[in-house]
Amino acid sequence: MSRKLQNIAFKTFVCIAATISIGVLLFLITVLFWKGFSAISFEFLISDSSNFGSEGGIAYQIIGSVLLTACAAIISFPLALGFAIYKSEYIKNSYLQNLTDTVIYSLNGIPSIIFGIFGLIFFVNLLQTGVSWFVGGIILAIMILPTIILSSYQSINSIPNSYRENAFGLGLTKWQVVKTVIFPRAVNGGFTGLLLGLARAIGETAPIMFIATAFSGVTIPNGLFEPVRSLPTHILSLAQQATNPSALENAWGTSLVLILLVFVFSISAFVRRLQYSKNKQ
Amino acid sequence: MSASQNNIGKCYVLVSTYLSIAIVAIIFVVLFLSSYDAFANIGWDLFSLEWNPSKDKFGILSMIYGTVSVTFIALGISVPLGILTAIFISEIIPEKYRLYIKSAIELLAGIPSIIYGLIGIAFFSAWVSSFFELPTGRTILTAGILLSIMILPTIVTLIEDALHNIPKKYREASKGLGLYQFETITKTLLPIAKKDIAGAVLLALGRALGETMAVMLLIGSIDRIPEPFYNVLNPGQTMTSKLGREIGESAFGSLHFSTLNAIGFLLFLIVITVTIITQLYFKKERRL
Amino acid sequence: MKKFLLALSIPLIFSACSKNNKQVINASGSTTVLPVISTAAEQFMKTHSDVKIIVNAGGSGVGINQVGAQQIEIGMISRNITEKETSQYPKTKFTITPIGRDAVVPVVSSEIYDAGIRSLSINQLAKIYRGEISNWKELNGPDKEILVIDKEAARGTRHVFMEIVLGDKEAQAAGADLVLGANNEEQTAIVQSDAALGILSNAWMNKDVKGLAIIMENGEVIEPTLENIVNGKFPIIRDLDLVTNGEPTGITKEFIDYILSDEGQKIVIKNEYVSIAK
């Protein structure tokens with residue numbers, strides 16, 4: 001075959017493959033929005049669910065998911081900032097650097113169901129907390145920790161060393177340098193990571209289904225150690241009755257609400273990242 | 001004042017770091033200890049076929065098979081498709097559309113797995129069963145196909161980044177040599193990006209191994225290796241789907257519970273190994 | 001940024017502070033019992049505003065384990081507790097309160113039902129689940145492979161069915177093609193297939209999921225009707241139970257008493273189960 005023909009064949013091949021993948025992804029998004037929009041109404045967002053979730057709305061599922069993610073954010077954000085600052089400003093020896101790298105990447109790689117099992121053994125059974133949204137929040141916090149650390153760390157790491165030296169030259173102590181120069185950047189970068197982490201956390205089912213959620217009877221929890229309902233576990237129970245038209249319709253509605261929440265987090269993260277790279281230029 | 005602030009500050013960052021390190025250690029230790037019973041009492045019999053907790057038979061071979069085959073199918077579809085799509089975005093379409101398509105794909109990477117499960121149950125399982133004329137669409141193949149779609153955005157994004165980061169001069173140089181675009185891509189760009197492509201595949205592998213919800217809803221959950229073993233149009237079970245379905249039913253402290261933990265622990269080890277390999281792989285490129 | 005964190009923390013503080021001494025009952029377990037308890041809980045909470053009843057699914061096994069580990073007050077179960085389970089929790093005194101009755105019915109896709117399969121004998125069912133019969137034509141049905149649906153091992157429906165059909169409630173079913181969990185999930189799989197055989201609670205049958213009659217050894221054909229469940233003629237019946245640690249006390253007892261009351265039993269009947277009140 002002549003090279004020219006080969007070139008054309010190759011390009012056609014690439015275009016076909018791209019059409020397939022982009023087509024499949026477009027299909028997904030169209031299905032979700034199409035099916036979802038017809039299922040959503042104001043009523044759906046503010047009313048309680050009934051009859052295995054096939055009737056009514058998802059008010060408490062939304063509240064539960066927001067609680068879980070808020071809890072995860074509050075726990076993981078300060079922890080991640082501290083970690084990122086320590087890693088970039090205090091650790092000098094390469095052994096510790098490697099150890100922290102391994103910790104971050106291991107946490108990032110652990111499958112979500114493993115977090116669920118860990119939560120079940122450690123909190124629910126060993127610490128006897130029972131099924132609780134607070135425990136769910138802690139587990140989600142651990143899960144998103146590496147995302148925030150990495151994003152915060154990269155942001156600190158991009159501060160030129162001369163800034164630090166100048167600040168020391170002015171007679172500032174280490175902590176003053178950290179506080180005035182490093183910390184704001186850590187927060188800034190960490191926040192982008194937080195948004196990305198939350199986009200993941202709010203959609204996770206496997207880590208929370210044994211330890212944080214309940215099927216019915218839960219409204220707003222009275223204390224830390226009570227279960228909530230959540231959007232992803234609600235979809236799980238609805239997906240199991242996929243041939244019941246009203247359950248399926250509610251499942252699509254719930255999915256769209258969940259997707260929109262995920263997108264709110266991830267789009268804000270993208271926008272921040274874009275602004276950041278523009279500022280740098 | 002300043003000195004004490006200095007100390008408090010240092011204390012805060014120190015505690016955060018060691019707490020995080022401790023968390024990873026605790027996860028490891030807890031998983032290991034709670035699966036210890038299974039390793040001690042069952043030993044190598046873990047790697048047998050029969051799973052029947054009421055008779056204390058705990059063979060996890062069929063789940064390992066399921067995980068391997070589902071992952072294999074998923075990567076088999078999404079890696080070639082992902083590489084070609086990345087080439088399309090990076091090399092063929094005009095630069096100005098690139099960012100839009102990429103952001104859209106990156107957004108899709110965030111769709112929660114339970115939603116893939118729902119789509120799988122509502123559409124894919126029915127399509128697979130009618131296309132292959134099967135009694136049920138809950139098969140290893142269905143789970144594999146769905147999984148390939150789930151990891152596709154990750155693969156496309158990473159490989160596209162790698163291709164796009166290759167300096168323009170390589171393309172210009174090979175154009176100057178009179179090479180066609182496909183030759184530039186296959187002979188120059190892909191070899192340069194080889195390492196990043198491998199990294200992307202490893203990352204996707206890690207995600208595919210650990211994926212639970214969508215697989216659990218779609219695979220049929222039967223602890224059996226199909227006959228012949230490559231007949232993926234049969235239902236099966238993965239390590240994750242086993243955990244998702246059975247962990248709540250087993251009593252805390254029982255051998256059954258311990259064995260399920262052992263499955264989790266094995267999965268944990270596999271994924272951590274993959275992750276650390278990935279990390280070492282990228283070591284030089286990262287500015288850490 | 002700070003505002004954002006503040007906004008996040010408000011619901012947390014709110015929920016942590018609003019601790020208003022509500023009494024909480026946690027119930028969990030069988031998806032067969034679930035609709036009854038879930039509805040009863042809604043009704044009960046209407047008249048007892050100081051009580052909160054949290055209901056969770058998972059299957060009988062989950063209910064027993066959680067009562068055993070004393071994590072919940074009420075376990076919903078649709079089978080007997082096994083000796084193994086009792087021995088795993090020596091500190092827990094499992095106490096059972098029946099609240100209704102139900103039949104476990106072999107069910108088929110409507111296509112199979114329409115093709116003339118209306119009843120099977122226990123022996124035929126056993127052969128199907130053992131894998132000795134694998135095509136509907138061996139039972140004078142259409143030439144289609146049987147999609148044999150099994151349930152997760154600790155599910156109540158499975159224990160009751162296997163005990164009678166295979167003689168051991170934890171028997172392995174070599175003929176099974178799929179293993180599913182909740183009644184809803186199995187119902188879905190049967191509707192999606194045109195050649196499925198599954199086992200479901202009586203309450204989950206509908207126009208797409210048809211229950212089969214059982215042919216007794218003497219040739220008598222027993223339909224899965226409420227009447228046959230009430231008079232005990234249908235061979236695969238079971239009690240729907242609540243299990244507690246020791247005799248129920250306080251608000252838990254009040255709730256269980258409510259389910260046993262006329263009003264509560266109406267909920268049992270509305271969910272297509274059989275009331276235990278004579």
Side-chain angles (χ1 to χ4, degrees), chain A residues 3 6-7 10-11 14-15 17-18 20-21 24-25 28 31 79 82-83 85-87 90 100-103 105-107 109-114 117-118 120-122 125 142 145 157 173-176 178-179 199 203-206 210 232 235-236 239 242 248 251 255 258-259 262-263 266 270, chain B residues 2 5-6 9-10 12-17 19-21 23-24 27 30-31 34 81 84-85 87-88 92 103 105 107-108 110-112 114-115 117-119 121-122 149 152 156 180-182 206 209-210 212-213 217 240 243-244 247-248 252 261 264 267-268 271-272 274-276 279 287-288:
Chain A
R3 287 169 57 212
Q6 273 185 7
N7 193 30
F10 178 78
K11 275 194 177 174
V14 167
C15 289
I20 294 174
S21 7
V24 168
L25 298 175
L28 288 183
V31 162
L79 208 60
F83 192 117
I85 294 173
Y86 188 72
K87 183 170 163 55
Y90 290 86
T100 49
D101 277 356
T102 309
V103 163
Y105 284 91
S106 307
L107 265 184
I110 297 178
S112 53
I113 181 109
I114 302 288
I117 293 172
F118 168 71
L120 180 71
I121 304 171
F122 190 71
N125 282 313
I142 298 175
L145 205 51
N157 224 24
T173 64
K174 177 113 186 177
W175 176 247
Q176 279 167 328
V178 167
K179 204 171 74 177
E204 281 288 356
T205 318
F210 306 118
I235 300 172
L236 172 63
L248 193 59
S255 301
L258 180 58
I259 290 267
V262 170
F263 283 1
S266 43
F270 292 165
Chain B
S2 158
Q5 254 197 12
N6 205 353
K10 187 161 182 197
Y12 156 62
V13 295
L14 199 81
V15 167
S16 310
T17 309
L19 190 60
S20 308
I21 296 175
I23 289 171
V24 177
I27 295 179
V30 163
L31 279 179
S34 47
L81 210 54
L84 292 174
T85 310
I87 291 174
F88 177 78
I92 294 191
S103 320
I105 289 183
L107 265 188
L108 288 172
I111 296 181
I114 183 68
I115 293 182
L118 175 66
I119 290 173
I121 284 283
I149 299 173
L152 188 60
V156 171
Y180 278 104
Q181 197 179 15
F182 90 95
L209 285 172
T212 310
M213 300 317 297
L217 284 171
T240 51
L243 291 175
I247 196 100
F252 179 68
N261 280 309
L267 189 67
F268 176 84
V271 175
I272 292 288
V274 171
T275 316
I276 290 177
Q279 184 194 344
R287 293 187 307 137
L288 285 186

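This structure is a prediction, so every number in the text was calculated from the model and none was measured. Values below: all heavy atoms of this structure, side chains included; hydrogens, waters and symmetry mates excluded.
Panel note: side chain B/Asn261, backbone B/Leu31; no donor-acceptor pair is recorded below 3.5 Å.
With a 4.5 Å cut-off on non-hydrogen atoms, A/Leu248 touches chain B through its side chain but not through its backbone. In this structure, chain B has heavy atoms under 4.5 Å from both the backbone and the side chain of A/Leu25. Contact of B/Leu81 with chain A is made through backbone and side chain together, with heavy-atom distances under 4.5 Å. Both the backbone and the side chain of B/Leu107 come within contact range of chain A, with heavy atoms under 4.5 Å apart. Using a 4.5 Å cut-off between heavy atoms, B/Ile21 contacts chain A through both its backbone and its side chain. Interface remark: B/Ile105 contributes side-chain atoms only to the contact with chain A (heavy atom separation under 4.5 Å). Heavy atoms closer than 4.5 Å to chain A are found in the side chain of B/Thr212, but not in its backbone. Only the side chain of A/Ile20 comes within less than 4.5 Å of a heavy atom of chain B; its backbone N, CA, C and O stay farther away. Residue A/Val178: no heavy atom, backbone or side chain, is found under 4.5 Å from chain B.
Two residues are said to be in side-chain contact when any heavy atoms from C-beta on lie closer than 4.5 Å; A/Tyr90 and B/Leu14 fail this criterion. The closest side-chain heavy-atom distance from A/Lys87 to B/Thr17 is not below 4.5 Å.
Interface remark: of the candidates A/Ile121, A/Val24, A/Val31, A/Ile117, A/Ile121 forms the most heavy-atom pairs closer than 4.5 Å to chain B. In terms of heavy-atom pairs under 4.5 Å with chain B, the best-connected choice from A/Gly109, A/Gly82, A/Pro111, A/Ala242 is A/Gly82. Chosen from B/Ala122, B/Ser16, B/Pro112, the residue pairing most often with chain A at heavy-atom distances under 4.5 Å is B/Ser16. Contact tally against chain A (heavy-atom pairs below 4.5 Å) for B/Gly9, B/Gly264, B/Gly248: the top residue is B/Gly9. If you tally non-hydrogen atom pairs under 4.5 Å between each of B/Leu19, B/Leu243, B/Ile121 and chain A, the highest count goes to B/Leu243. Chain B forms the most heavy-atom pairs under 4.5 Å with one residue out of A/Thr100, A/Ile114, A/Leu120, and that residue is A/Ile114. Most heavy-atom pairs under 4.5 Å with chain B, from the set A/Leu236, A/Leu258, A/Val262, A/Ile85: that is A/Leu236.
Other residues, nucleotides and ligands place more than 12 heavy atoms under 6.0 Å from the NZ atom of A/Lys174.
Interatomic distance, CD1 of B/Ile111 versus CG of B/Leu108, reported as 4.5 Å (0.5 Å rounding). Summarising the geometry, atom OG belonging to B/Ser34 is positioned 10.0 Å from atom CG belonging to A/Asn125; distances are rounded to the nearest 0.5 Å. Between A/Leu145 atom CG and B/Ile23 atom CD1 the span is 6.0 Å, to the nearest 0.5 Å. Remark: B/Phe252 CZ to B/Ile247 CD1 distance equals 10.5 Å, nearest 0.5 Å. Once rounded to the nearest 0.5 Å, the distance linking OG1 of A/Thr173 with NZ of B/Lys10 reads 12.5 Å.
When B/Ile114, B/Thr240, B/Leu118 are each tested for a side chain to side chain contact (heavy atoms under 4.5 Å, CB included) with B/Met213, only one passes: B/Ile114.
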